[in-house]
Amino acid sequence: MDDQIRRTMPLFSMSIVQKLTGLTARQIRYYEEHHLVQPERTEGNRRVFSFNDVEQLLEIKSLLDKGVNLAGIKHVLGMKTIEAMQPPVEKVAKKPEMSNADVMKYLKSELIQAGRHGKASLIQGELSRFFH
DNA sequence: ATTCTCACA
DNA sequence: TGTGAGAA
């Protein structure tokens with residue numbers, strides 16, 4: 001139950017999420033309009049994303065590369081949400097979704113990538129707690 | 001300096 | 001989806 005809090009806890013600013021996902025702020029806001037992600041808001045109306053939101057965005061990016069349109073992505077993500085809420089069911093086959101380990105690996109590569117450009121201090125600070 | 005909303009020569 | 005304006 002403590003894990004649920006960790007991935008739901010709002011931690012990332014727009015700039016951080018942009019670097020982490022490679023998506024533009026415009027796209028991220030657009031996906032939010034379509035309820036593909038539901039970031040929290042600060043008192044100043046700034047978006048604050050959780051670890052789950054970042055994973056969700058990465059999943060969206062993945063599907064986009066596969067040529068899936070927003071309507072299709074909504075269905076895929078919708079199924080995921082339903083599954084998460086009605087879990088007491090044996091999943092027949094394994095899901096080709098990004099595992100937590102895959103996400104971690106991806107984020108690390110992003111940090112290295114950004115590091116080669118000398119501008120990773122920001123996101124490293126934000127993610128450090130996840131790489132203990 | 002950052003991010004937000006809104007609107008489109 | 002990009003982009004710029006005006007505000008917070």
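Remember, it's a predicted structure, so these values are computed and weren't measured experimentally. Below, chain A is the first sequence line, B the second, and so on; all start at residue 1.
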A:Glu33 atom CD is separated from C:dG2 atom P, nearest whole Å, by 14 Å
Walking DNA chain C from its 5' end, the first of A:Gly44 and A:Leu70 to be reached, judged by nearest nucleotide, is A:Leu70
Nucleotide N/O of nucleotides 5-9 of chain B paired with protein N/O under 3.5 Å:
from: B:dT5; atom 1: OP1; to: A:Arg41; atom 2: NH1; distance (Å): 3.1
from: B:dT5; atom 1: OP1; to: A:Arg41; atom 2: NH2; distance (Å): 3.2
from: B:dT5; atom 1: OP2; to: A:Arg47; atom 2: NH2; distance (Å): 2.2

inquiry  = Quick one, A:Arg47 and A:Glu32 - any side-chain contact, counting heavy atoms below 4.5 Å?
reply    = yes
OP1 or OP2 of B:dT2 versus the side-chain N and O atoms of A:Ser13: is any pair under 4.0 Å? no
Using a cut-off of strictly less than 4.0 Å, decide whether A:Thr24 has a side-chain nitrogen or oxygen near OP1 or OP2 of C:dT1. no
Using a 4.5 Å cut-off on heavy atoms from C-beta on, say whether the side chain of A:Pro39 contacts that of A:Asp53.
yes
Applying side-chain contact (heavy atoms from CB on, under 4.5 Å) to A:Gln4 and not counting sequence neighbours gives A:Arg7, A:Thr8
Rounded to whole Å, the CD1-C1' distance (A:Ile60 to C:dT1) equals 15 Å
Here the distance between atom P of C:dG2 and atom OH of A:Tyr30, to the nearest Å, is 12 Å
_Any heavy-atom pair between the side chains of A:Tyr30 and A:Leu23 that's under 4.5 Å?_
no
Separation of C:dT1 atom P from A:Leu36 atom CG, nearest Å, is 11 Å
Symbol by symbol from the 5' end, with Watson-Crick or G-U pairs under 3.5 Å, [ ] crossing and | another strand, DNA chain C is .|||||||
- [ ] Answer whether the closest heavy-atom distance between the side chains of A:Val17 and A:Ile28 falls below 4.5 Å.
- [x] yes
Check: Hey, are the side chains of A:Phe49 and A:Ile16 touching, using non-hydrogen atoms and a 4.5 Å cut-off?
Finding: no
From CZ of A:Phe49 across to C1' of B:dC4 the rounded distance in Å is 12 Å
In short, A:Lys61 meets A:Gly22 closest at the heavy-atom pair NZ-CA, 4.3 Å
Taken to the nearest whole Å, CD1/A:Ile16 to P/B:dA1 is 17 Å
Worksheet entry | Side-chain heavy atoms of A:Arg41 within contact of A:Arg46, under 4.5 Å | no
| So, A:Gln56 side chain and A:Leu36 main chain: donor-acceptor pair closer than 3.5 Å or not? | yes
Query raised in the report: Does OP1 or OP2 of C:dT1 have a side-chain N or O of A:Tyr31 closer than 4.0 Å?
Result: yes
